[in-house]
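Numbered from 1 within each chain, the chains take letters A, B, ... in sequence-line order. A quick note: this is a predicted structure, and the numbers were derived from the prediction, not measured.
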Number of protein chains: 2
Amino acid sequence: MKSLSTKQQAILEFLRQFIRDKDYPPSIRDIQLGCKISSTSVVDYNLKALERLGHIRRDREVSRAIELLDGTGRRPSTIPVPIIGTIAAGEPIPVPSADTWSNIDYDNVVEVTEEMTGGKAQVYALRVKGDSMIDALVNDGDIVILEATHSAADGEMVAAWLKDTGEVTLKRFYMDGDRVRLQPANATMKPIFTDPENLEIQGRVLTTIGNRG
Amino acid sequence: MKSLSTKQQAILEFLRQFIRDKDYPPSIRDIQLGCKISSTSVVDYNLKALERLGHIRRDREVSRAIELLDGTGRRPSTIPVPIIGTIAAGEPIPVPSADTWSNIDYDNVVEVTEEMTGGKAQVYALRVKGDSMIDALVNDGDIVILEATHSAADGEMVAAWLKDTGEVTLKRFYMDGDRVRLQPANATMKPIFTDPENLEIQGRVLTTIGNRG
DNA sequence: TTCTTACCAGAACACTCGTTCCGAATAGAA
DNA sequence: TTCTATTCGGAACGAGTGTTCTGGTAAGAA
C-alpha cells in the first residue's frame, strides 16, 4: 500500500482534530486554512487520493460530507454515571431507583466512555469508603461502576451482601456445587464460601477507577 | 422548563438519526425534507428554539454546524491516551517520545475524560501485565494512566525504577530525611526505603482503570 | 531531448446553504 | 372584538462550498 505524503497525513490529522473539536467535519476551505494549503484544488486532489486509499469517504456535492473511516472520527460519547452513594464493608449499598437515571444529579456523576460500561443500561457508581475493599483492589476514594442486577454468571465480579455477617463485599462469583465461592481479585487472598441463601447480589462490577493524583 | 413541540422533537430525532447514519450533520434543507417541513425558515425558527432551550449548539453562518448537546451529547471532551506498552515488575516501562503524541496509533488508545488526566499534557497509558502490581491495587490487564515526568512531590504515586533490584514499581513517594520511602497503596503492606540515587522516577500515576467485566 | 506521471496554483463556475424579509394563519388574553 | 405572541409559508439574497478548467513545476523513464 502506498504511503501517505506529509500533506495527506496533515489533512488526516486536521480532520481528526476538527471533528473531535467541533463535532462536524470541516469544509474544503477549512482544511485549506488549517493545513496551510495554497489552493482548494490541492485539497480536493489530496482528498480524492485519501478516498482512493480508503481513509475517508466523501459524499459528492455535499458540503462537509467527509467521513473518517478509521474509527477515530466519532468522538466517543461519554455517559454520565450517577454516583448514588458510598460503598463500605459494614453498610448496605444504596439501591438505584428508576428515578436514578431519569433525573440525574449532574453534580454527582462520573463521566465514562461507553467502553467502560460495556453499553449496559442501568449503570451507577459508588464511591469506596475506607480500606475494607482492598482485597478487591480498590482503595478509599476510588469509584466502582456497577450494573444494577440481582444475578451473576460464573466469574463475574459482583457487589454482594452477606446476610449473616451484615457486610457488603466485592468479589468474583463462582458456583461451587451447591455453595457459592466468592473469590477476591487479589489472588493471594482467600475466597469465602457461603450458602446461596446467605447471598444477595446487588450489582455487577463493570469497572473500577482509582484516582491516584 | 418549556416542553418541545412535536415538530421540535421530530427535528431532534432526525438529527440523531442523520448523524448516526452519515457521521455529519444535516443541512437545513436536509431537515426540511426529512421532517416534511414546508419551509427552511420554519426549520431555522425551530432550530433557534432548540438552541435557546439548550438542546443543540450551532455555529452561525457555517453549513451543517449543528451539534447535539443532549442524549448522546452534553459530553465533556475525551482525550485519546496512547497505550504505549505494558508494565510489569521485572522490566523497564516504555518511555514515551515526542512522537508518541504527535503520531497517535488509534488502534491502541484508551479514551478518558479530562477529569481523569487532570488536564495534564504528556499523558500516556500502560497495560498492567501480571499480578506483581497488586500492592498498588492494580491487577493483570488493568490500565495505568501516567504523566511523563522525572520528579515527584511528597505523596504522589509514581512509577519508579529501582536500579539495585532492576524492578519497576508503583508506589507513593515520600522523602524521609535523606532517604526515600515508597509506600504501597495497600496500607497493610510494608513500605520500601531506598536511596534517592537508586531511584529513577519514570512517571506520575494519575488514574488507574480496572476492567472487571 | 520528449513523454509521462504526480502534484500544485489560481481562478472561475454553479450549486448549496444559512439567513432574512414579508406576510399570514392561529391561539390566547384583555 | 382587538392586541399580542407564536408558528408557519414562500421567496429571495449573498456568502459558503464543491468542483472543474487551465496552466505550471518537478521528477523520472524512454
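Take B:Phe173 and apply the ring-ring contact (aromatic ring centres under 6.0 Å, His included) test, not counting sequence neighbours, and it matches no residue.
Between B:Asn46 and D:dT6, a side-chain N or O to OP1/OP2 separation shorter than 4.0 Å is absent. Considering only side-chain N and O atoms, A:Tyr45 lies nowhere under 4.0 angstrom from the phosphate OP1 or OP2 of C:dC8. For B:Lys48, no side-chain nitrogen or oxygen approaches OP1 or OP2 of D:dT7 to under 4.0 Å. OP1 or OP2 of C:dC17 has at least one side-chain nitrogen or oxygen of B:Ser27 nearer than 4.0 Å. OP1 or OP2 of D:dT17 has at least one side-chain nitrogen or oxygen of B:Ser63 nearer than 4.0 Å.
Rounding to whole angstrom units, CD1 of residue A:Ile28 and C1' of C:dT16 are separated by 14 Å. The interatomic distance linking B:Leu53 (CG) with D:dT6 (C1') rounds to 14 Å, in whole Å. The distance between atom CG of A:Leu47 and atom P of D:dT19, rounded to the nearest whole Å, is 9 Å. The separation between A:Ile11 atom CD1 and C:dC7 atom C1' is 12 Å, rounded to whole Å. Look at CG on A:Leu50: it is 15 Å from P on D:dG18, rounded to the nearest Å. Rounded to whole Å, the distance from CD on A:Gln32 to C1' on D:dT17 is 11 Å. Whole-Å rounding puts the B:Arg52 CZ to D:dT6 C1' distance at 10 Å. Here the C1' atom of nucleotide C:dT16 and the CZ atom of B:Arg64 are 8 Å apart, to the nearest Å.
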(request) Sugar-phosphate means primed atoms, P, OP1 and OP2; the rest is base. With that split, encode nucleotides 10-15 of chain D 5' to 3' as B, S or - using protein heavy atoms under 4.0 Å. (result) BBB---
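Summarising the geometry, atom CD1 belonging to A:Ile143 is positioned 8.0 Å from atom CG belonging to A:Asn211; distances are rounded to the nearest 0.5 Å. Taking CE of B:Met157 as the start and CZ of B:Arg204 as the end, the distance is 13.5 Å to the nearest 0.5 Å. Atom CG of A:Asp154 is separated from atom CE of A:Met175 by 7.5 Å, given to the nearest 0.5 angstrom.
Proximity note for A:Lys7 (side chain, C-beta onward) versus D:dG18, C:dT20, C:dC8: the nearest is C:dC8. Residue B:Arg58 has its side chain nearest to C:dT19 when only C:dT19, D:dG18, C:dC17 are considered.
For the pair B:Arg181 and B:Tyr174, the cation sits on the ring face: its NZ or CZ lies under 6.0 Å from the ring centre, inside 45° of the axis.
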Throw together a table of side-chain donor-acceptor distances under 3.5 angstrom for residues 44-51 of chain B, partners on residues two or more places apart or in other chains.
| unit_1 | atom_1 | unit_2 | atom_2 | d |
| --- | --- | --- | --- | --- |
| B:Asp44 | OD1 | B:Arg58 | NH2 | 2.9 |
| B:Asp44 | OD2 | B:Lys48 | NZ | 3.0 |
| B:Asn46 | OD1 | B:Gln8 | NE2 | 3.2 |
| B:Asn46 | ND2 | B:Val42 | O | 2.9 |
| B:Glu51 | OE2 | B:Arg58 | N | 3.2 |

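A residue-by-residue look at B:Val62 and A:Asp44 shows that B:Val62 has its nearest nucleotide of DNA chain D further toward the 5' end.
The closest side-chain heavy-atom distance from B:Val168 to B:Ile87 is below 4.5 Å.
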